[in-house]
Amino acid sequence: MTRHATIIGTGSYLPETTMTNADLERMIETSDQWITSRTGIHERHVVAENETTSDLAARAAAMAIARAGVGLDAIDLLLLGTTSPDYIMPSTACMTQAKLGLSCPAVDLMAACSSFVYALQAGAAAIESGRADTVLVIGAEALTRLVDFTDRSTCVLFGDGAGAVVLGVSDEPGVEAIVLGADGSGAEQLIIPSGGAAAPMTVDGAAARQQFVKMNGGEVFKFAVRVIPRVTTEVLAQSGHTLDELAWLIPHQANKRIIDTIGERLAIDPERVYLNVGRTGNTSAASIPLALDDLYTGGRLRPGDLIALVGFGAGLTWGAATVRWTMPVPDKGGS
Ligand code: ACO
């Protein structure tokens, strides 16, 4: 029997507080009209003062574990994708592991907004090889802590949240093909310049606001709309499928204009392209598992559905996966 990895539980968590475009209008020189027309974002969730990335991760993961119906002892490995770790050291995965009461190995994967697809690859590979039976894969972000709320070109884009899946063993394919990529020559396009070993935090660095996200938005836009249609086509071909077979294309929720352009270039029916960036903003590593949980709890994913998950982000990095959905539709009111 071939060992496959399949998704057996999903969970998500969005912080209670929301920040609308009207709130941003009171903070910086911007307008709801500018933000909506350029990004499709209306509001985003923001962590509470006493919350951080591992808190959001633990909430989403606890829900995914409960839905999977497995005990805490069953989790063999915790993989956490994030761009906004609680600390540089220790890992946010370890902070989350303690909050969940787990005792398994735990590690962060940092591929920015592609982190969840990278972590899915590592988790699926651990299961397929027989090194693990049950893997918890989380994408979690408190990115509003790392954006500069005096820089209108970035602060309107990002939001906080977490999503998680539990992967289990199956004799039928769940996670099918995965294609990952990176181009480090684009590292400067999207970067937090200080706080790491290259430029440790200094008073001067902080005064220059180097601890916050800096982005060349135009270049990131061009990169995304060039790479994502190609990698989507590639992962479908690798798993022997065509675009027509897809129930859902689930792209990283960076920006509605990027997602619309990707959809147009692929010539896919917009009804089959998942979109929630309007109410979450860009939640980086969390956006794909948040989308999965939203579709699952909304009864919009059915056993046998083929879906494609596509991420892109800083690095530059990208990743695409085809997944055959195997979880049953939940009872009304969630399960
Ligand atoms: N409100 C009002 N005006 C603004 C704002 C704002 N929030 N931000 C910028 N502007 C102004 C600029 O100052 C500029 O003014 P100027 O012409 O007088 O100089 C004007 O708007 C146009 O600025 P551009 O940067 O050219 O605007 P553009 O149409 O390119 O949109 C955006 C900017 C939305 C950031 C776009 O480039 C984009 O979507 N890029 C991709 C960003 C992205 O998705 N990044 C994340 C992906 S990877 C990851 O998730 C980590």
Side-chain angles (χ1 to χ4, degrees), residues 19-44 53 81-85 109-118 139-163 181-184 186-193 212-228 231 250-264 275-278 280-291 309-320:
M19 183 186 284
T20 63
N21 293 348
D23 294 328
L24 284 163
E25 281 175 352
R26 287 187 281 276
M27 295 161 66
I28 48 167
E29 204 181 319
T30 191
S31 66
D32 175 49
Q33 195 275 334
W34 192 97
I35 301 171
T36 306
S37 64
R38 296 299 218 285
T39 71
I41 299 168
H42 302 285
E43 63 177 10
R44 64 291 288 147
T53 302
T82 188
T83 318
S84 45
L109 276 99
M110 297 185 77
C113 310
S114 314
S115 299
F116 182 78
V117 182
Y118 269 69
E141 302 285 4
L143 261 172
T144 60
R145 293 261 164 82
L146 301 182
V147 296
D148 183 352
F149 278 93
T150 66
D151 173 7
R152 67 179 182 173
S153 68
T154 52
C155 74
V156 301
L157 302 175
F158 296 97
D160 303 331
D183 175 7
E188 302 290 325
Q189 305 298 352
L190 191 43
I191 190 165
I192 297 177
F212 295 120
V213 172
K214 310 284 177 205
M215 181 175 67
N216 185 343
E219 286 306 311
V220 174
F221 195 106
K222 282 187 262 173
F223 149 71
V225 300
R226 187 180 67 245
V227 166
I228 295 310
V231 76
I250 305 177
H252 164 50
Q253 302 290 307
N255 174 320
K256 183 174 183 297
R257 268 168 68 216
I258 292 180
I259 295 171
D260 287 348
T261 308
I262 291 168
E264 280 161 26
L275 193 68
N276 75 344
V277 70
T280 61
N282 179 345
T283 59
S284 190
S287 87
I288 291 175
L290 268 167
L309 317 176
V310 193
F312 55 91
L316 300 166
T317 56
W318 57 92

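Atoms within each ligand, like the ligands themselves, are counted from 1 in listed order. Since this is a predicted model, take the numbers as computed values, not measurements. Quick note: residue numbers are just sequence positions, from 1.
Looking at N282, T82, T283 one by one, the single match for side chain to side chain donor-acceptor pair (under 3.5 Å) with E141 turns out to be T82. The side chain to side chain donor-acceptor pair (under 3.5 Å) test with R44 singles out one residue from N21, D23, T144, and that residue is N21.
Not one N or O on the side chain of T36 forms a donor-acceptor pair closer than 3.5 Å with the backbone of Q33. At distances below 3.5 Å, at least one donor-acceptor pair connects side-chain atoms of D160 with backbone N or O atoms of L143.
Using a 4.0 Å cut-off to heavy atoms of G313, the atoms of ligand 1 that qualify are 48 (S). Residue-ligand proximity, S153 to ligand 1, at heavy-atom distances under 4.0 Å covers atoms 8 (N). Remark: ligand 1 atoms within the under-4.0 Å shell around heavy atoms of H252 are 49 (C), 50 (O). Close contacts between ligand 1 and A254 involve ligand atoms 44 (O), 47 (C) [criterion: under 4.0 Å to a heavy atom]. Each of the following atoms of ligand 1 lies closer than 4.0 Å to a heavy atom of L190: 48 (S), 49 (C), 51 (C).
For atom 40 (N) of ligand 1, the nearest protein heavy atom lies closer than 4.0 Å. Proximity of atom 45 (N) of ligand 1 to the protein is indicated by at least one non-hydrogen atom lying closer than 4.0 angstrom. Using a 4.0 Å threshold on non-hydrogen atoms, atom 3 (N) of ligand 1 counts as touching the protein. In this structure, atom 21 (O) of ligand 1 is in close contact with the protein, since a protein heavy atom lies within 4.0 Å of it. Distances from atom 25 (O) of ligand 1 to the protein include no heavy-atom value under 4.0 Å. Counting protein heavy atoms under 4.0 angstrom from atom 14 (C) of ligand 1 gives zero. Not a single protein heavy atom sits closer than 4.0 Å to atom 32 (C) of ligand 1.
Distances from atom 36 (C) of ligand 1 to the heavy atoms of F158, F221, W34 put F221 nearest. Ranked by closest heavy atom to atom 12 (C) of ligand 1, the top entry among R152, R38, M215 is R152. With distances taken over non-hydrogen atoms, the option nearest atom 51 (C) of ligand 1 out of S37, C113, S287, G40 is C113.
Nearest to atom 6 (C) of ligand 1 among the protein's heavy atoms is T30 OG1, 3.3 Å. In this structure, the protein non-hydrogen atom closest to atom 47 (C) of ligand 1 is V220 CG1, 3.6 Å.
To the nearest 0.5 Å, atom CZ of residue F158 and atom CD1 of residue I41 are 8.5 Å apart. In this structure, F312 CZ and S114 OG are separated by 8.5 Å, a value rounded to the nearest 0.5 Å.
Heavy-atom separations between A112 and ligand 1 are all 4.0 Å or longer.
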Verify side-chain contact (heavy atoms from CB on, under 4.5 Å) between L146 and I192, making sure each step is shown before the conclusion.
-> CA-CA 8 Å; L146 301 182; I192 297 177; 3.9 Å; yes
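For the pair D260 and R257, the salt-bridge criterion is not met [side-chain N within less than 4.0 Å of a carboxylate O].
Residues S284 and T83 have side chains that bring a donor and an acceptor to within less than 3.5 angstrom of each other.
With sequence neighbours left out, the salt bridge (Lys or Arg N to Asp or Glu O under 4.0 Å) criterion links K214 to no other residue. By the side-chain hydrogen bond (donor to acceptor under 3.5 Å, both in side chains) test, T280 is found to be paired with no residue, residues two or more places apart in sequence or in another chain being considered.
A 4.5 Å side-chain heavy-atom check between E29 and R152 finds at least one atom pair inside the cut-off. With contacts defined as side-chain heavy-atom distances shorter than 4.5 Å, the pair M19/F149 qualifies.
Among the atoms of S31, none of the N or O lies under 3.5 angstrom from an N or O of ligand 1. Polar contact check, A314 against ligand 1: no nitrogen or oxygen pair lies under 3.5 Å apart.
Counting heavy atoms under 4.0 Å from ligand 1, residue I258 touches it through the side chain alone.
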